[in-house]
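Read the structure below first, then the notes.
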Amino acid sequence: MSEVLATLRVNRALGPVVEGEAVVSQEGFSPRYDLDRWSGVISKPGHKLEGTNIRDKICFFPTAKGGIAAGWAFFDIKHKGIAPKAFVFGVTNPVMVQGAVFAGITITEGWSEPPASCIRTGDWVRVDPARKVIEVLRRSS
Amino acid sequence: MRLTAEEQDMLDGKQGETVREAIAYQRQVGEFWGAERFVPITNAHMMGDIEVMGDGGLGFLRGACEKRAHCRIPITTNARCFDFAFAGKLGQDPSEAEKEKAIIRTLQDMNVITTDTCINYQTVYQPHLGEHVAWGDTGTVIYANSVFGARSNFEGGPAALAAAITGRTPEYGFHLDKHRKGTLVVRLEARLDDLADWGAVGKIVGEKHQNYYAVPVFASVKRTPLADELKHLGAALASYGSMAMFHMVGVTPEAPTLEVALGGNRPVDEIVITDADIERVYASYDLKDRSCNLVVFSGPQLSLIEFKLLAEKFAGRKVHPGTQVFVTTFSGVKNAADRLGYLKTIEDAGVTVLEGVCFYILQNLSEMRVKNGWTNMISNSAKIVNIIGAHRFNTILRRTQDCVDIACTGVIK
């Protein structure tokens with residue numbers, strides 16, 4: 001088992017254990033407002049992650065924006081093979097959870113400290129919903 | 001979650017496979033949010049169109065239909081991504097149009113009423129104080145909670161459909177008294193003469209407090225707001241702030257006074273909104289190349305009264321050559337507008353009126369933008385100005401009369 005370099009605790013979590021590369025956003029997220037749902041790239045002009053592909057990533061967003069679309073949109077991007085492995089929200093809304101559960105994408109809400117304090121974009125992290133922890137396993141080079 | 005005997009039967013598959021799948025899914029969502037039980041609902045409203053569902057979603061629906069999924073309470077559909085009469089003119093994909101038709105047929109087979117409107121609360125069903133429903137989109141939910149005093153969370157398409165199949169929804173969020181109390185106070189000192197002004201208020205408050213459980217209480221309202229004004233306020237709060245409820249003292253049913261609306265909560269913020277704040281919103285938009293070839297009245301669909309007032313503004317005028325103007329509305333509103341002559345007035349000016357859709361969810365919109373050389377999208381809807389970003393429009397909010405003038409002159413100030 002990999003050595004754990006840092007741990008973030010979350011308040012609520014659901015889904016399978018997943019590992020992947022972290023993308024840490026300072027801006028909230030909506031699949032409708034911000035994401036090109038045909039490529040997996042954040043496409044909204046001016047979004048702090050504009051141009052970032054979220055496929056297979058562990059995505060950290062402080063807030064959820066909108067929106068009813070996530071209910072189907074997460075299932076759609078999973079079906080297209082461009083979904084992230086997990087959504088980690090500071091605060092989220094029910095539709096993000098409904099969508100993630102429907103699509104089988106791991107989702108969490110609430111964190112013990114802002115992720116940017118211990119996780120950087122590019123770090124390799126593990127999300128363990130049953131233990132309600134996110135662990136940093138490898139730093140980006 | 002504690003289940004009733006009937007709910008346990010559902011979970012055990014005694015009411016069929018699709019009911020078992022639906023309630024198992026709902027229970028997972030409920031447990032995430034700490035729900036202790038389900039609550040019966042009377043009405044559901046769902047989003048379900050090919051633009052957001054994709055082939056995966058259509059496949060899911062077909063599978064559910066083959067397994068004889070059946071909605072046990074009335075459920076209506078939100079705006080969709082095709083007005084089939086205009087699909088060719090808009091350059092939309094014929095194969096996707098066929099999929100959209102398949103979705104409509106499949107939903108109807110499952111006992112869904114395909115109304116295709118995001119203003120169900122103005123046109124189809126008005127739940128009463130305390131009535132539990134399972135609605136989406138967000139504009140419908142915030143209107144139901146705030147103006148009617150009904151109780152709903154944001155319910156995405158699969159969640160609303162599951163709720164209609166089981167006749168219940170997990171009791172969390174805005175089904176519970178504790179989340180319905182105000183958390184911040186907003187004093188409205190601005191004049192707020194136009195729908196866009198109310199949307200601007202929603203933008204100011206929503207951007208500052210992006211939190212599903214934030215509940216603004218509007219105080220010091222200068223006059224009785226109209227239903228369409230509350231609609232634009234709510235849609236913008238939900239869009240910018242992901243909010244599902246607001247109170248307005250002396251206006252909405254759970255806010256006879258500021259104290260009752262707050263329910264003992266100490267407000268986390270007090271905001272004052274003046275005319276200068278509203279003007280700052282309008283001044284904040286980058287006009288880019290100053291192109292004015294796209295003006296949109298949509299998001300939410302127009303009520304009959306909005307439609308009539310807009311027709312009066314366009315009467316005797318012509319849309320500027322090279323500019324395209326779109327209105328979207330509910331089929332029933334378009335029918336009535338046709339009968340009453342408003343439709344002819346607005347179409348004679350050169351405006352395209354689409355029914356059953358909302359502009360921002362139109363299939364093929366990104367390609368449409370490129371093909372038509374649209375850079376700027378100008379609208380009186382603060383919601384659509386916010387929501388359409390992924391299609392890479394530069395968006396500009398303007399008052400209704402300004403939008404009409406821009407549409408007819410091709411000049412933006």
Side-chain angles (χ1 to χ4, degrees), chain A residues 11-15 27-39 41-47 50 61-83 89-104 107-110 129, chain B residues 25-26 28-29 31-34 46-49 51-57 59-60 78 135-141 153-162 170 172-174 206 210-214 238-244 360-361 366 383 386-395:
Chain A
N11 298 343
R12 310 169 189 273
L14 202 66
E27 182 174 344
F29 174 72
S30 155
R32 165 89 79 202
Y33 300 12
D34 301 323
L35 184 68
D36 181 323
R37 287 174 279 121
W38 290 263
S39 67
V41 173
I42 302 274
S43 57
K44 181 174 183 174
H47 192 286
E50 184 183 355
F61 293 109
T63 58
K65 298 184 198 169
I68 289 297
W72 290 114
F74 288 172
F75 190 76
D76 175 40
I77 60 174
K78 179 96 171 198
H79 186 260
K80 288 172 178 158
I82 55 172
F89 283 103
V91 290
T92 192
N93 70 36
V95 182
M96 300 291 165
V97 178
Q98 295 157 8
V101 172
F102 187 64
I107 184 165
T108 76
E109 187 197 47
Chain B
Y25 165 60
Q26 290 185 292
Q28 278 191 294
V29 172
E31 288 182 343
F32 182 96
W33 292 106
M46 68 171 286
M47 171 166 281
D49 63 271
E51 195 270 347
V52 72
M53 294 173 67
D55 292 345
F60 167 83
N78 208 50
W135 280 13
D137 70 22
T138 60
T140 72
V141 175
N153 285 309
F154 288 178
E155 301 271 12
L161 184 59
Y172 65 92
F174 289 90
Q210 279 187 359
N211 185 343
Y212 183 68
Y213 289 108
S239 178
Y240 290 88
S242 202
M243 293 174 184
Y360 70 87
I361 58 175
S366 292
K383 171 177 176 167
N386 187 40
I387 202 169
I388 207 165
H391 293 288
R392 303 189 67 78
F393 286 88
N394 180 61
T395 60

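All figures in this text were calculated on a predicted structure; none of them were measured in a lab.
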Please state whether the side chain, the backbone, both or neither of [X] comes within less than 4.5 Å of a heavy atom of chain B.
X: A:Phe75; result: side chain
X: A:Leu35; result: backbone
X: A:Ile77; result: neither
X: A:Ala100; result: neither
X: A:Ala69; result: both

Practice prompt. Flag the pair A:Glu109 / B:Phe32 as yes when at least one side-chain heavy-atom distance between them is below 4.5 Å, and no otherwise.
Written response: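 A side-chain contact under 4.5 Å exists here.
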Discussion item. For a 4.5 angstrom cut-off between non-hydrogen side-chain atoms, does A:Asn93 reach A:Met96?
Written reply: yes
Side chain, backbone, both or neither: which part of [X] has an atom under 4.5 Å from a heavy atom of chain A?
X: B:Tyr172; result: side chain
X: B:Glu51; result: both
X: B:Asp55; result: both
X: B:Asn386; result: both

Practice prompt. May I have the step-by-step check of side chain to side chain contact (heavy atoms under 4.5 Å, CB included) for A:Phe74 and A:Gln98, ending in yes or no?
Written response: CA-CA 9 Å; A:Phe74 288 172; A:Gln98 295 157 8; over 6 Å; no
Worksheet entry | Residues in ring pair (Phe, Tyr, Trp, His ring centres under 6.0 Å) contact with B:Tyr360, at least two apart in sequence or another chain | none
Partner chain A: residue of [options] with the largest heavy-atom pair count (under 4.5 Å):
options: B:Met46, B:Glu31, B:Met47; result: B:Met47
options: B:Gly57, B:Pro158, B:Gly157; result: B:Pro158
options: B:Ile361, B:Val141, B:Asn78; result: B:Ile361

Practice prompt. Evaluate the ring planes of A:Phe61 and A:Phe29, with Trp represented by its six-membered ring, and classify them as parallel (under 30°), tilted (30 to 60°) or perpendicular (over 60°).
Written response: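 Parallel.
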Could you have a look at [options] and say which one has the most heavy-atom pairs with chain B under 4.5 angstrom?
options: A:Ile107, A:Leu14, A:Val97; answer: A:Val97
options: A:Pro94, A:Pro45, A:Gly46; answer: A:Pro94
options: A:His79, A:Glu50, A:Arg32, A:Lys44; answer: A:Arg32

Discussion item. Measuring centre to centre across the rings, with the benzene-like ring taken for any Trp, is B:Phe174 within less than 6.0 Å of B:Tyr212?
Written reply: yes
Fill in: Any donor-acceptor N/O pair, A:Asp36 side chain to A:Trp38 backbone, under 3.5 Å
yes
Item to complete: Indicate yes or no: does B:Lys383 engage B:Asp137 in a salt bridge with an N to O separation below 4.0 Å.
Response: yes
